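To keep things clear, I will list the structure first and then write my remarks on it.
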4 protein chains.
Amino acid sequence: MPRTEEQFSEMREKTKQKILENALLLFAEKGFKGTSINDIAKSAGISKGLAYNYFKSKYDLMISVLKLIEEEFSRLLIALNNENDPYKKLTLMITLTIEMLQRDEKFWSLYMNFAFQSEVKEEAQNLMGDSLKILFNLIEKIFVEVGVKNPVEESKILGAILDGISFHYIIEKEKYPIDKVKTYLLQKYSKSELSKSILQE
Amino acid sequence: MPRTEEQFSEMREKTKQKILENALLLFAEKGFKGTSINDIAKSAGISKGLAYNYFKSKYDLMISVLKLIEEEFSRLLIALNNENDPYKKLTLMITLTIEMLQRDEKFWSLYMNFAFQSEVKEEAQNLMGDSLKILFNLIEKIFVEVGVKNPVEESKILGAILDGISFHYIIEKEKYPIDKVKTYLLQKYSKSELSKSILQE
Amino acid sequence: MPRTEEQFSEMREKTKQKILENALLLFAEKGFKGTSINDIAKSAGISKGLAYNYFKSKYDLMISVLKLIEEEFSRLLIALNNENDPYKKLTLMITLTIEMLQRDEKFWSLYMNFAFQSEVKEEAQNLMGDSLKILFNLIEKIFVEVGVKNPVEESKILGAILDGISFHYIIEKEKYPIDKVKTYLLQKYSKSELSKSILQE
Amino acid sequence: MPRTEEQFSEMREKTKQKILENALLLFAEKGFKGTSINDIAKSAGISKGLAYNYFKSKYDLMISVLKLIEEEFSRLLIALNNENDPYKKLTLMITLTIEMLQRDEKFWSLYMNFAFQSEVKEEAQNLMGDSLKILFNLIEKIFVEVGVKNPVEESKILGAILDGISFHYIIEKEKYPIDKVKTYLLQKYSKSELSKSILQE
DNA sequence: AATGAATGAGACTTCATTCAT
DNA sequence: CATGAATGAAGTCTCATTCAT
């Protein structure tokens, strides 16, 4: 007696996830070109051929992985949208970014990795460029709300800080004082501190 | 009339440079794995075989390219060391970073690209990690000199800003308001502004 | 109410026929190597696995398809044997060949296709070679009966005409004036015309 | 010291020919799909990879092989155009076709083979369809000149005879009385016999 | 009897590297 | 010093076949 449709669907879903997860990790670690389907298959504990039962090409698999990143971005945006107070929004943005960075380090590694791989660039930009733009706009809007003088420039700077920190953290990992920096950043962009200088008085 | 030894040596140097330059451009554009020796040879106007006369392997060529990046870093450091006034040092660091970013965009693209490719990572870190550390230390030292309250954290933040801006500029290029951001940053880290808040009073 | 043995057997036969028909069509269209078991299964509306329930291998399936062609030949031979008058036999041979060509174009396409594929060649020859020989002999016998001067050579020529026409029709299909040629051929091999020249007098 | 351009060119030409020849033989024997690049490389005594130095894909190689066939056709047409007398033209066409069939059997095998391979069909028709049309037209023109009553139909018949004979010869080879048939055909289409019936008077 | 997930061999293709000249 | 033909390993992808359910 054949398996039910549901059983098959479950099997498929499970295997597909396994492939995606391992592809994400490996792409993040070794880049798109540097990762072979064989690598992914072995890492996922399946045969090379099976990967093609789920993704019609390595490229297609990459696009699916990109969509995972997009979803991660979406989760960030949704969480931010649930917060109305602009100061809390700022705090949340910093907290979430760094938390996600620590938790899903590979996501960010992949995100940055993909951003510089020409085979991926266009798709990466189509899929992620919007998220970046939305994020910039969001920061800008917050800055307008709280009364920052140069919201456009300041949004670029906060954006740069967040991605710059991610960049350094991914590169240096164990050596980077991520928690210290996070605490400091939260304070710096806190309501009470936003009006003070970074210099001693 | 046979060429003198010196002439030969000069030719060799010239050919080597041509290979390195083209390798740099192509690695930056298409990644390490995405660039073939043939691509590089064609781009440099020489034969595949000749490239192996100058570099014993593709890997070796990559290491040499990495050294070019290191030299670029060195030039930045040397320029900074020639300046004693800490405020001017800060200004110079921002100016030079962004100027180099615009002028030698490919350097940075490659730098970031390599930073995420595991075949390259270790070497990239060995060669560039130190530079990064030196830069962080330099910023920290400047901040100490001018009396910033939290020099360690602030150095991480300025470092993040500079690399974050580079990151966004490389990704968005034509759309990114690099000049506006540069001007703003210079003002923000100027002697007169370092003591003011980013909020309207 | 459980099905009777006979009903089961009938179902099996029906499924088998469905597979064979679709295999024939696809082999004819895309060649043996160009057709996958999956293609056939999908086309027949069954699962890949089930196809192996009926044919132990793709090769085995192909042999079964070849047998279908053999049967088609047999039908032609049987129809011819039912006719005694040699002139009518000739007419019938031409009519039937061209009718079958138009009706079961795929049969012929496959027949010719298989004739040139070495994986299939031996079997194709074993199975079809005899039919061809029988047909040649039959034509020869007819020509002897009606008093053709060189029955051996003329039988090769009529054989060549029939297969040549099939060849051109399959290749050119819509452009080939099959009906005109058929009419002309029937006249040319008609009792009354067999004694006249093909030149104007 | 590097080889001269001429030396390289010679090497290339020689290897390319070797590949083409072996590809022709193997495609003719085992079909396009049935022949692997590895088969061809081994048969040509070169490495798999080298084949791609000469043909950018298996498909491209096939097209080149098709062009060889086209050239063979051209040679036939050119030889025919050098003859003005229509009767001699007919004789020549029959002679040449059968001579080429015997000499370059693989060409014809491939020609027929390709005509039924869907991966090849379109190209085969583009490249060979014209030749076929030209040949039909040529025969028709000859028949008009010599005063055949139904030149269109008779040209289809002679065309069918020639391709039908080729077909049977390729399939049966050693068993097929090709010389007998050739002699008979030459007589049948000779000036003196064209006005007589194929029946005993 | 029936399904389609899974395997593994083998096909096409690319490319770093070697080498004869 | 310089060339590009040639190799072979490795990568992408396909597909006949098996098998658990």
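What's counted below: heavy atoms across the whole structure, side chains too, no hydrogens, waters or symmetry copies. Below, read A as the first sequence line, B as the second, and so on, with proteins coming before strands; counting in each chain starts at 1. Since this is a predicted model, take the numbers as computed values, not measurements.
- Rotation axes derived from the C1' atoms of the five outermost pairs at either end of the helix from E:dA2-F:dT21 to E:dT21-F:dA2 lie 10° apart, to the nearest 10°.
- Between the P atom of E:dT18 and the CG atom of B:Asn38 lies a distance of 16 Å, rounded to the nearest Å.
- The CD atom of A:Gln7 sits 8.5 Å away from atom CE of A:Met11, with the distance rounded to the nearest 0.5 Å.
- Nucleic acid contact for D:Ser57: sugar-phosphate only, since backbone atoms but no base atoms lie under 4.0 Å from a heavy atom of the residue.
- With the nearest nucleotide of DNA chain F identified for both D:Ala51 and C:Gly34, D:Ala51 has the one nearer the 5' end.
- A heavy-atom distance below 4.0 Å to DNA chain F is reached by these residues of residues 39-50 of chain C, ordered by number: C:Lys48.
- For the pair B:Lys33 NZ and F:dA9 P, the interatomic distance rounds to 17 Å; values are reported in whole Å.
- Protein atom CD of D:Gln7 is 11 Å distant from nucleotide atom C1' of F:dT3, rounded to whole Å.
- Side chains of B:Asn53 and B:Arg12 form a contact here, defined as non-hydrogen atoms less than 4.5 Å apart.
- Within the 4.0 Å cut-off from OP1 or OP2 of E:dT14, not a single side-chain nitrogen or oxygen of D:Tyr52 is found.
- Residue D:Ser9 is out of contact with every strand shown, counting any heavy-atom pair closer than 4.0 Å.
- Across the protein-nucleic acid pair, B:Lys56 atom NZ and E:dT18 atom P stand 11 Å apart, rounded to whole Å.
- Rounded to whole Å, the distance from NZ on C:Lys58 to C1' on F:dT18 is 17 Å.
- Here the C1' atom of nucleotide F:dC1 and the CD atom of B:Glu10 are 16 Å apart, to the nearest Å.
- Note that CG of D:Asn22 and CZ of D:Phe27 are 11.0 Å apart. Values are rounded to the nearest 0.5 Å.
- B:Asn38 places a side-chain heavy atom less than 4.5 Å from the side chain of B:Lys42.
- OP1 or OP2 of E:dA5 sits under 4.0 Å from a side-chain N or O of A:Asn53.
- Going from atom CZ of B:Phe55 over to atom C1' of E:dA16 covers 16 Å, rounded to whole Å.
- Atoms CG and CD1, on C:Leu24 and C:Ile69 in that order, are 6.5 Å from each other to the nearest 0.5 Å.
- Side-chain contact check for C:Glu72 versus C:Leu68: every heavy-atom pair is 4.5 Å or farther apart.
- The interatomic distance linking B:Tyr59 (OH) with E:dA16 (P) rounds to 15 Å, in whole Å.
- B:Lys106 meets the side-chain hydrogen bond (donor to acceptor under 3.5 Å, both in side chains) test with no other residue; sequence neighbours excluded.
- Interatomic distance, CD of C:Glu10 versus OG1 of C:Thr15, reported as 11.0 Å (0.5 Å rounding).
- D:Glu13 and D:Gln17 are linked by a side-chain donor-acceptor pair at a separation below 3.5 angstrom, with hydrogens and angles left out of the test.
- Along DNA chain F, the nucleotide nearest D:Glu5 and the nucleotide nearest C:Ile37 are compared for position; the residue whose nucleotide lies closer to the 5' end is D:Glu5.
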Using residues 57-65 of chain A as the side-chain source, report each donor-acceptor pair under 3.5 Å to any protein atom, sequence neighbours left out, with the distance given to one decimal.
unit_1, atom_1, unit_2, atom_2, d
A:Ser57, OG, A:Tyr59, N, 3.4
A:Ser57, OG, A:Asp60, N, 3.0
A:Lys58, NZ, A:Phe32, O, 2.9
A:Lys58, NZ, A:Thr35, O, 2.7
A:Tyr59, OH, A:Glu123, OE1, 2.9
A:Tyr59, OH, A:Glu123, OE2, 2.3
A:Asp60, OD2, A:Lys56, N, 3.3
A:Ser64, OG, A:Asp60, O, 3.3

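- Between C:Leu25 and C:Ser43, the closest side-chain pair of non-hydrogen atoms is not below 4.5 Å.
- For residues 36-57 of chain D, the set of pairs meeting the ring-ring contact (aromatic ring centres under 6.0 Å, His included) definition, not counting sequence neighbours, is empty.
- Near DNA chain E, defined here as any heavy-atom distance below 4.0 Å, the residues from residues 11-27 of chain A are A:Met11, A:Arg12, A:Thr15, listed numerically.
- Between B:Tyr54 and F:dC1, a side-chain N or O to OP1/OP2 separation shorter than 4.0 Å is absent.
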